[in-house]
K.L.:
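Following this message is one structure expressed as structure tokens.
The shown structure was predicted, so the numbers you read here are calculated from the model rather than taken from an experiment. Side chains are part of it too, since the values below use all heavy atoms of this structure and drop only hydrogens, waters and symmetry mates.
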Amino acid sequence: MRPAILFPLYKPVTALPGLGPRLGKLAEKLAGPCVVDLLWHLPSGVIDRRFSPKIAEAPDGRVATLTVRIDSHAPPVNPRHPYKVRCTDATGVLELVYFHVKGDYLAKQMPVGKTMVVSGKVEWFHDTLRMPHPDAVVAVEDRDEIETVEPVYPMTAGLPAKTLRKAVRKALDDVPELAEWQDPAWLARKDWPTWHESIRRAHTPQDEAELSALSPWRSRLAFDELLSNQLALALVRLNQRKLAGRSIVGHGGLRRKVLDALPFALTSSQAASLEEIYADMAADRRMLRLLQGDVGSGKTVVALLAMLNAVEAGCQAALMAPTEILARQHAESLAPLCKAAGVNIALLTGRDKGRARQAVLDRLASGELHLLVGTHALFQEDVTFKDLALAVIDEQHRFGVHQRLQLSAKGRAVDVLVMTATPIPRTLTLTAYGDMDVSRLTEKPPGRKPIRTVTIALDRLEEVVTGIHRKVQEGERVYWVCPLVEESEQIDLAAVTERHAFLKATFGERIGLVHGKMRGPDKDAVMAAFAEGRLDVLVATTVIEVGVNVPEATVMVIEQAERFGLAQLHQLRGRVGRGDKPSSCLLLYDPQLTETARARLKTMRDTEDGFVIAEEDLRLRGAGEVLGTRQSGLPEFRLADLAVHGELLAAARDDASLIVNRDPDLATPRGQALRTLLYLFERDAAAKTLRSG
Ligand code: ADP
Ligand code: MG
């Protein structure tokens with residue numbers, strides 16, 4: 001249960017002054033539903049209203065606070081014209097300019113002859129200084145109210161900045177004093193203030209420099225957040241370790257048969273990863289391991305051998321893929337190897353219905369089926385295994401932790417191996433998979449040719465088509481990928497259909513089209529035609545992104561490459577270079593390219609190392625963007641910026657593991673404070689694994 005001391009922070013934002021139901025909705029959209037969310041909404045700028053020049057000295061375009069005499073009011077003759085208030089000081093004339101003024105409140109607020117303090121952005125218009133819609137107008141005796149430094153928050157339309165500032169100020173007033181959860185020695189070394197002081201200072205920057213993510217208070221807050229993340233993962237992991245596992249040790253016979261049937265030897269990182277997996281399976285605790293390997297690094301065969309280990313021990317194994325096409329392809333590529341070993345394998349997807357489906361389920365329940373490959377369909381209620389011991393999940397970023405648990409619930413103490421081809425920077429691996437052990441396939445199978453990558457402006461499209469046509473005449477096969485712009489599938493579809501029609505003029509009947517809106521069987525038919533060489537060119541949206549294997553394809557064209565994430569470009573490029581012929585990747589870009597976009601495309605040209613690409617993407621775009629956090633299931637941080645606070649993450653991880661070793665129940669005084677930290681950052685699930693106390 002959330003500790004009572006945090007209750008004020010978890011009141012709805014509408015509990016704050018000025019945020020009624022309507023503005024409260026906007027604040028909620030901007031920051032989140034609770035008071036604490038507003039606290040995490042840090043300023044992105046400052047306005048220094050202490051700057052108070054004479055009129056003649058006021059610089060154009062700057063915010064200034066001026067002391068002036070109100071000379072006269074000039075209400076507009078025509079309602080479309082502005083209302084003007086003429087003011088002066090010893091050095092010149094200032095005109096306050098207001099549009100859409102109703103009533104006579106200005107005349108009352110600024111009586112002629114009175115000296116007042118006005119603040120706002122000023123601009124020169126001929127030799128008159130103007131201030132359109134002053135931010136503040138007060139009597140001289142109240143000047144202290146406005147001569148301050150004001151935080152500027154990222155805003156949303158319709159929510160007045162002043163209202164938000166006031167609400168945050170109140171939220172800060174209500175911040176409780178919390179017992180220190182950080183190690184005192186570490187705090188001293190970093191020279192960081194308390195949490196309370198940090199949150200207050202983060203909201204009251206005195207100048208631009210204080211907005212830095214590296215300021216002591218922002219660093220402290222970031223570290224608090226990272227520690228809560230790492231501690232939560234460490235606790236979940238500790239808990240999992242406590243769950244009974246089972247020792248799976250196969251006799252090796254099936255694996256030997258498959259290794260003999262393979263036309264190649266395992267790479268050393270495949271062999272090393274397998275050793276780690278076998279050791280996990282043999283241990284009598286549950287395996288939770290992530291196998292990371294670039295596209296084409298050979299994860300499938302690793303998965304197969306791990307599954308055979310389970311089959312040798314008399315159990316079953318399942319392999320789950322994110323899409324129908326992929327599941328099918330896995331099943332097809334594994335079938336001959338399974339046959340060589342005398343292992344029964346079947347495919348189960350959402351498309352299987354009726355009697356055929358029932359037959360698979362029966363064989364699964366009886367144990368006759370050793371391996372089952374499928375999609376989400378594997379989760380369905382009536383899918384029961386005789387004895388599932390290992391679940392392999394391919395392409396993790398499409399599945400959430402929740403689904404991972406669902407599948408492992410289909411058996412007794414199921415070991416879980418998650419495979420991902422999305423190279424994740426080390427720092428992000430820690431935040432997302434801190435509860436998992438990691439194996440990495442760092443080398444590509446031998447014989448791979450490098451892929452030549454070029455970037456070309458889209459206005460040279462005709463040239464590109466001519467070049468591609470020549471390649472096709474030489475017998476090569478080409479992917480042509482159009483971007484997916486998430487806001488509107490209709491527009492995406494229009495773009496890809498139009499491109500297909502345009503290219504058809506050159507490639508005639510030997511060009512195909514696949515996109516996400518097509519029915520499964522139709523999609524498969526087109527993919528199959530391309531795989532079998534009945535089509536030369538395949539125009540596609542990113543449905544081909546994951547896994548599809550057509551070794552004969554040698555050219556990858558990606559249109560509007562700047563719209564894709566680097567990880568995604570890397571995945572797409574990995575679709576070629578799978579055979580023995582040299583391959584190329586053409587990144588077509590919109591000629592109006594931003595600096596960052598340019599740098600990102602350059603990275604693609606310079607390297608084929610997925611991990612380097614991922615690190616670079618993190619550096620250029622920040623964590624939230626790297627994988628598209630929403631689809632990746634990676635945690636989003638409110639205060640930490642991994643591109644900047646990466647080192648703090650490593651420290652947080654070390655600290656978390658120390659804490660869990662020394663005080664696994666969080667029972668010491670610091671442990672108690674850490675519980676509050678977990679709740680503060682809504683890691684309730686992790687906190688709930690603890691005994692109460
Ligand atoms: P991933 O799933 O990691 O993208 P795959 O498992 O599909 O990669 O493997 C890509 C290709 O490499 C497949 O054709 C596979 O047979 C082949 N392959 C896997 N391991 C090796 C190896 N050690 N030596 C040569 N080829 C390999
Ligand atoms: Mg794969």
Side-chain angles (χ1 to χ4, degrees), residues 5-6 9 31-32 35-50 148-154 164-165 168-232 427 430-431 618-619 622-624 635-659 669-670 673-674 676-683:
I5 194 164
L6 295 181
L9 298 179
V35 171
V36 74
D37 295 307
L38 271 193
L39 291 180
W40 300 155
H41 189 69
L42 296 182
S44 54
V46 285
I47 295 178
D48 189 348
R49 294 198 190 280
R50 292 169 306 185
T148 58
V149 185
E150 237 172 57
V152 178
Y153 292 96
L164 181 65
R165 265 201 317 271
V168 174
R169 212 173 309 141
K170 178 70 169 77
L172 285 171
D173 286 345
D174 291 352
V175 165
E177 287 291 343
L178 301 175
E180 184 57 72
W181 46 74
Q182 296 294 357
D183 174 34
W186 167 249
L187 279 187
R189 205 174 102 207
K190 287 291 188 183
D191 204 10
W192 283 342
T194 62
W195 177 75
H196 196 161
E197 172 71 3
S198 299
I199 192 76
R200 200 184 58 74
R201 285 300 310 271
H203 281 282
T204 51
Q206 295 302 299
D207 54 40
E208 290 281 332
E210 292 198 358
L211 296 168
S212 161
L214 295 171
S215 72
W217 32 94
R218 289 211 185 194
S219 299
R220 148 97 211 211
L221 295 175
F223 190 76
D224 287 338
E225 185 174 39
L226 294 170
L227 182 62
S228 75
N229 162 264
Q230 290 299 299
L231 184 59
T427 45
L430 271 186
T431 66
L618 176 63
R619 199 180 64 75
E636 254 181 291
F637 291 110
R638 302 292 301 269
L639 303 165
D641 175 355
L642 292 177
V644 181
H645 298 126
E647 274 170 41
L648 290 184
L649 178 63
R653 176 186 156 96
D654 291 347
D655 200 14
S657 78
L658 211 65
I659 292 164
R670 185 183 175 204
L674 284 162
T676 308
L677 174 70
L678 290 173
Y679 282 107
L680 179 62
F681 285 100
E682 295 176 81
R683 317 278 180 207

K.L.:
Should the pair Arg201 and Trp217 be classed as cation-pi, given the thresholds of under 6.0 Å to the six-membered ring centre and 45° from the axis?
P.N.:
yes
K.L.:
Any idea which heavy atoms bring Ala179 and Ala673 closest together, and the distance?
P.N.:
O-CB, 3.7 Å
K.L.:
Apply side-chain contact (heavy atoms from CB on, under 4.5 Å) to Glu177 and Thr194, showing your working.
P.N.:
CA-CA 10 Å; Glu177 287 291 343; Thr194 62; 5.8 Å; no
K.L.:
In Å and rounded to the nearest 0.5 Å, what is the CG to CZ distance from Leu172 to Arg169?
P.N.:
9.5 Å
K.L.:
Between Arg200 and Val175, does the side-chain contact (heavy atoms from CB on, under 4.5 Å) criterion hold? Intermediate values first, please.
P.N.:
CA-CA 9 Å; Arg200 200 184 58 74; Val175 165; over 6 Å; no
K.L.:
Trp40 vs Phe681 aromatic rings, parallel, tilted or perpendicular, using cut-offs 30° and 60°?
P.N.:
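Judged by the thresholds at 30° and 60°, the geometry between Trp40 and Phe681 is parallel.
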K.L.:
Given 3.5 Å as the limit, does a donor-acceptor pair link the side chain of His645 with the main chain of Ala213, or not?
P.N.:
yes
K.L.:
Please step through side-chain contact (heavy atoms from CB on, under 4.5 Å) for the pair Leu639 and Arg218, ending with a clear verdict.
P.N.:
CA-CA 7 Å; Leu639 303 165; Arg218 289 211 185 194; over 6 Å; no
K.L.:
Sub-3.5 Å donor-acceptor pair from the side chain of Arg683 to the main-chain atoms of Gln230, do we have one?
P.N.:
no
K.L.:
Angle class for the Trp186/Trp192 ring planes (parallel below 30°, perpendicular above 60°, tilted otherwise)?
P.N.:
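Ring orientation, 0 to 90° scale: perpendicular.
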K.L.:
For a quick test of reading the model, state the closest non-hydrogen atom pair linking Leu227 to Ile659 and the distance between them.
P.N.:
CD1-CD1, 4.3 Å
K.L.:
Could you pull out the closest heavy-atom pair between Pro193 and Pro216, with the gap in Å?
P.N.:
CD-CB, 4.1 Å
K.L.:
Nearest 0.5 angstrom please: Leu642 CG to Leu648 CG, how far?
P.N.:
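Here the rounded value is 9.5 Å.
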K.L.:
Within the distance-only criterion (no hydrogens, no angle test), does the side chain of His41 pair as donor or acceptor with the backbone N or O of Gly32 below 3.5 angstrom?
P.N.:
no
K.L.:
Hey, is the main chain of Leu178 close enough, under 3.5 Å, to the side chain of Glu180 for a donor-acceptor pair?
P.N.:
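Between the backbone of Leu178 and the side chain of Glu180 there is no qualifying donor-acceptor contact (under 3.5 Å).
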K.L.:
To the nearest 0.5 Å, how far apart are CZ in Arg189 and CG in Asp191?
P.N.:
12.0 Å
K.L.:
Out of Lys190, Glu225, Gln182, which one pairs with Arg220 under the side-chain contact (heavy atoms from CB on, under 4.5 Å) rule?
P.N.:
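In the set Lys190, Glu225, Gln182, the residue that makes a side-chain contact (heavy atoms from CB on, under 4.5 Å) with Arg220 is Gln182.
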K.L.:
Is it the case that the side chain of His203 and the backbone of Leu39 share a donor-acceptor pair, with hydrogens and angles ignored and the cut-off at 3.5 Å?
P.N.:
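Present.
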K.L.:
State the CG-CG distance between Leu6 and Leu677, to the nearest 0.5 angstrom.
P.N.:
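Taking CG in Leu6 and CG in Leu677, the distance rounds to 9.5 Å.
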K.L.:
For Trp181 and Leu680, run side-chain contact (heavy atoms from CB on, under 4.5 Å): C-alpha distance rounded to whole Å, both residues' side-chain angles, the deciding distance at 0.1 Å, then the answer.
P.N.:
CA-CA 11 Å; Trp181 46 74; Leu680 179 62; 3.7 Å; yes
K.L.:
Closest approach of Ala31 and Leu38, non-hydrogen atoms and distance?
P.N.:
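Minimum heavy-atom separation between Ala31 and Leu38: CB-CD2, 3.7 Å.
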K.L.:
Of all heavy-atom pairs between Pro176 and Trp195, which one has the smallest distance, and what is that distance?
P.N.:
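Looking at all heavy atoms of both residues, the closest pair is O-CZ3, 4.0 Å.
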K.L.:
So which heavy atom on Val149 is nearest to which on Asp48, and how close?
P.N.:
CG2-OD1, 3.9 Å
